[in-house]
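Bear in mind that the values here come from a model prediction, so they are computed numbers and not experimental data. Sequential numbering from 1 along the given sequence is applied to the chain's residues.
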Amino acid sequence: MQPCDRLTGKEIQVALLVWEGQTNREIASVIGTTEQVIKNYLRNTFDKLGVWSRLELALYVAAHGGAAWRKSAVSPSTVDSSAKECKAS
């Protein structure tokens, strides 16, 4: 099972931004939401992937083809297609 099969599009997007070194505040600004919502996404992502910290998440993304995750990241117009793209990669 691919990591993107377990995560929502927004969780993938947040994980990628963590991998790129952005703070919760910066991620919230990019996505257009609050820091608390980002914390919720991170908590859910940590639980689904079995990691405990932002560092572990970044290492997990790097070890599982982080650049390829971009195809699964969600923009508002690609919500339905993200799962198909993830399975193709």
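Closest non-hydrogen pair, Trp19 versus Ala62, comes out as NE1-CB, 3.4 Å.
Applying the side-chain hydrogen bond (donor to acceptor under 3.5 Å, both in side chains) criterion to Lys39, with sequence neighbours excluded, gives no partner residue. The side-chain hydrogen bond (donor to acceptor under 3.5 Å, both in side chains) search around Glu20 returns Arg70, not counting sequence neighbours. By the side-chain hydrogen bond (donor to acceptor under 3.5 Å, both in side chains) test, Glu35 is found to be paired with Arg25, residues two or more places apart in sequence or in another chain being considered. Take Glu26 and apply the salt bridge (charged side-chain N to carboxylate O under 4.0 Å, His left out) test, not counting sequence neighbours, and it matches no residue. The side-chain contact (heavy atoms from CB on, under 4.5 Å) check on Asn40 picks up Gln36, Arg43, with sequence neighbours excluded.
Atoms CD1 and OH, from Ile31 and Tyr41 in turn, are 6.5 Å apart once rounded to the nearest 0.5 Å. One distance of note links CG of Leu57 with OG1 of Thr45; it measures 6.5 Å at 0.5 Å rounding.
Side-chain contacts under 4.5 Å among hydrophobic residues (ILVMFWY), followed directly or transitively, place Leu59 together with Leu55.
Looking only at side-chain heavy atoms (C-beta outward), Val14 and Leu7 stay at 4.5 Å or farther from each other.
The salt bridge (charged side-chain N to carboxylate O under 4.0 Å, His left out) analysis of residues 44-67, with sequence neighbours excluded, yields the pairs Glu11-Lys48.
Looking at Val30, Thr23, Val61, Ile12 one by one, the single match for side-chain contact (heavy atoms from CB on, under 4.5 Å) with Leu17 turns out to be Val30.
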Report the C-alpha separation of Leu42 and Asn24 in whole Å, then their side-chain angles, then the decisive distance to 0.1 Å, and conclude whether the side-chain contact (heavy atoms from CB on, under 4.5 Å) test is met. CA-CA 9 Å; Leu42 286 171; Asn24 287 357; 3.3 Å; yes
